[in-house]
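None of these values were measured; they are calculated from a predicted model. All residue numbers refer to positions in the sequence shown, counting from 1.
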Amino acid sequence: MKKFKRLLAGIMAFTLCLAFVGCGEEASTDDASSVKEETVTVISTDDIEDIPDGAETELLYMGVDDLNPSSTQEKSTALNLFEDKGGTISWSRVTVSNKFTKLAAAVTSGKDVPDLFKYELGMTFPYQVIQGFYQPINDVVDFDNALWSGVKDNADQYMLGDDYYVAPINYSASSFVFYNRDFITDAGLDDPLDLYYAGEWTIDTMEEMMSEWCMGAATDETRYGINGYYAMHLVQKTGETMVVRNDDGTYSSNIDSAKIASVQERISDWYKNGYVLSDWIGSAREAFSLNVLFYPMGAWAATAQGNLAPKDDENWGVVPIPDDATYEGDKPITTADLEAYMWVKGSEKKEAVKVFYECYRIAAIDPDYQQNTKDKWLANNENWTEEDYDVMMAVSDPDENIMLFDPAFGLSALMGDDYGSFRSGSGLALWLYNCCKEPDQVDNVVYTWTQIKEAYSSVVDGEIDTINSELEEFLKAS
């Protein structure tokens, strides 16, 4: 492949800053990284009013992780702001596997009802809204206000009737492609970052590089092209999702999409060609130790957020998920994680919730706070460069990218609950994306996409029919 000269890093520099909460097939279990830079005192903005006198100031947050810092963590800019405005946060601790049952029990019983619960792609919307877990946010968020106007288009997809239910705080790419530059150099391959700058970083290019890498293995050496969290991202780079939301707010299956089929068949071929390392690998370092060329995963798996940043003798690179040549949209696709907090039904602390939302939103978009977060990230990730950071940030800019979310995950417990009734560790929606890239853990079979469609199209249709019917009844009752 032709070598491309790297363009100036400044072209890609973009300082949209966000917390790296990258998601993968599993989340990091230890979010407490060593902090090398002291907390920067944040001066509050006058654009956010204090919690009014007489209003309740303490919010109960139900979640797996505490929003308050541990003894080894820094307090976030957003929490600093909220406390400066008179608020505090207490924590109702839950686990990954019991969080939804705990929330349901609290809302149903009316006891210890939390005020806030983190938005999740799986089940939050519309399923849990229709089930009565959350209340509209119209009274606490004004999407015509400059603070929120930049995310209004995204918030519109979380409306039922005239009511908004999700206030997008921030976005992040749910997976990046990490790679070992020493592997790239030794194999005589183009640096993916050079290809990215030149507009040549595509799924076809990635496949060619995996082929060259694997074919170049010595007799006593085993090489792999890829491991990690990528199937959903490669499918969505075509602009397609398994389920689509219609203009009238109902849902339809898109499982018969020819573009989805093409990517799934390609991934299946990668497995047959020996490019895929099927085992779960929990860090970039471990993947590279097993001679994996490309390791797509959330940022936690290769940064200080998960205590997994490169060491002094490690030479790693990072690029976004490669583009698909069949996509013809005006903006590139980013399979996104959304940071948002649901207002739980039964909470009456409107004033404090409003201030919480505003503090967390402004901490994400104010340039001074963005730079503050960037400086701290670079201080904690000494072997990642500012250029690397800017590359990761650039794909999380909603003005420059389409931040894509598949509604399939939010239709039902069967579709979206990874600890529900479909498979251990995977709801049906996630499994549909991943089913062709490695042997199924239950049946030990590598399925073709044709087999998957034949077996599950009617199941998806049934879940859609149910949610559309429930949606109609919900709107009638509203």
Side-chain angles (χ1 to χ4, degrees), residues 21-27 120-124 171-178 202-203 206-207 225-245 251 253-271 275-278 280-281 294-301 319-324 326-327 329 332-338 395-396 401-411 414-418 422-423 425-438 440-441 446-449 452-453 456 460 463:
V21 186
C23 166
E25 290 171 333
E26 292 188 10
E120 297 200 13
L121 180 62
M123 298 211 300
T124 295
Y171 306 93
S172 60
S174 65
S175 199
F176 302 94
V177 178
F178 296 102
T202 67
I203 186 172
M206 170 184 267
E207 183 175 298
I226 195 166
N227 172 271
Y229 185 44
Y230 58 88
M232 177 169 66
H233 306 78
L234 294 179
V235 168
Q236 292 185 3
K237 276 289 189 174
T238 67
E240 301 289 306
T241 54
M242 298 289 178
V243 169
V244 294
R245 191 181 194 212
Y251 298 91
S253 174
N254 192 38
I255 201 170
D256 287 326
S257 163
K259 288 187 176 182
I260 292 177
S262 177
V263 175
Q264 291 287 13
E265 289 162 2
R266 182 197 290 259
I267 292 172
S268 181
D269 287 341
W270 288 357
Y271 178 81
Y275 302 161
V276 177
L277 174 59
S278 297
W280 164 253
I281 305 299
F294 295 125
Y295 180 65
M297 189 58 70
W300 62 269
V319 285
I321 299 292
D323 292 330
D324 191 296
T326 67
Y327 175 65
I333 297 289
T334 295
T335 297
D337 283 339
L338 171 62
V395 296
S396 297
N401 303 270
I402 294 175
M403 312 306 287
L404 199 62
F405 307 91
D406 190 340
F409 291 88
L411 298 185
L414 180 71
M415 295 292 288
D417 187 358
D418 290 341
F422 179 68
R423 296 283 170 95
S426 178
L428 177 55
L430 181 60
W431 187 80
L432 287 174
Y433 278 109
N434 290 333
C435 60
C436 292
K437 76 183 183 75
E438 55 193 39
D440 180 72
Q441 293 180 357
V446 180
Y447 291 106
T448 67
W449 186 242
I452 293 301
K453 288 200 299 179
Y456 290 99
V460 174
E463 297 300 296

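The shortest side-chain heavy-atom distance between T335 and F405 does not fall under the 4.5 Å cut-off. A heavy-atom distance below 4.5 Å is found between the side chains of V177 and P322. With a 4.5 Å cut-off on side-chain heavy atoms, N254 and E240 count as touching. A heavy-atom distance below 4.5 Å is found between the side chains of Q264 and V235. Side-chain contact check for L411 versus Y251: some heavy-atom pair is nearer than 4.5 Å. At a threshold of 4.5 Å between non-hydrogen side-chain atoms, the residues T334 and L404 do not count as touching. Within the 4.5 Å cutoff, the side chain of H233 has no heavy atoms near those of the P296 side chain. Using a 4.5 Å cut-off on side-chain heavy atoms (C-beta onward), I226 and M206 make contact.
The OG atom of S262 sits 11.0 Å away from the CG atom of L234 when rounded to the nearest 0.5 Å. Distance CG/D323 to OG1/T202: 7.5 Å, rounded to 0.5 Å. Here the CG atom belonging to N227 is positioned 6.5 Å from the NZ atom belonging to K437, to the nearest 0.5 angstrom. To the nearest 0.5 Å, atoms CZ (F178) and CE (M297) are separated by 9.5 Å. The CZ atom of R266 sits 4.0 Å away from atom CD1 of I203, with the distance rounded to the nearest 0.5 Å. Annotation: the span from W270 atom CH2 to Y230 atom OH amounts to 7.0 Å, rounded to 0.5 Å.
Taking both residues in full, the closest heavy atoms of S396 and S172 are given as OG-CA, 3.4 Å, listed atom of the first, atom of the second, then distance. Looking at every heavy atom in both residues, V446 comes nearest to C436 through CG1-O, 4.3 Å. G427 approaches D418 most closely through the heavy-atom pair N-OD1, 2.9 Å.
Counting only N and O atoms by type, the side chains of Y275 and D269 include no donor and acceptor under 3.5 Å apart. Between the side chains of Y433 and Q236, a donor-acceptor pair is found at a separation under 3.5 Å.
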(Q) As a quick check of understanding, evaluate side-chain contact (heavy atoms from CB on, under 4.5 Å) for K237 and Y327, giving each step before the final call. (A) CA-CA 7 Å; K237 276 289 189 174; Y327 175 65; over 6 Å; no
Q. Going through the distances and angles, do I321 and S175 end up as a side-chain contact (heavy atoms from CB on, under 4.5 Å)?
A. CA-CA 7 Å; I321 299 292; S175 199; 4.3 Å; yes
**Q.** Residue pair V263, D324: steps toward the side-chain contact (heavy atoms from CB on, under 4.5 Å) verdict
**A.** CA-CA 9 Å; V263 175; D324 191 296; 3.8 Å; yes
(Q) Is there a side-chain contact (heavy atoms from CB on, under 4.5 Å) between I255 and W449? Walk through the geometry before answering. (A) CA-CA 10 Å; I255 201 170; W449 186 242; 3.7 Å; yes
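Looking at K259, its side chain never comes within 3.5 Å of a backbone N or O of G239 through a donor-acceptor pair. In this structure, the side chain of D406 engages the main chain of A408 through a donor-acceptor pair within 3.5 Å.
In this structure, the ring pair (Phe, Tyr, Trp, His ring centres under 6.0 Å) partners of Y456, at least two apart in sequence or on a different chain, are F422, W431.
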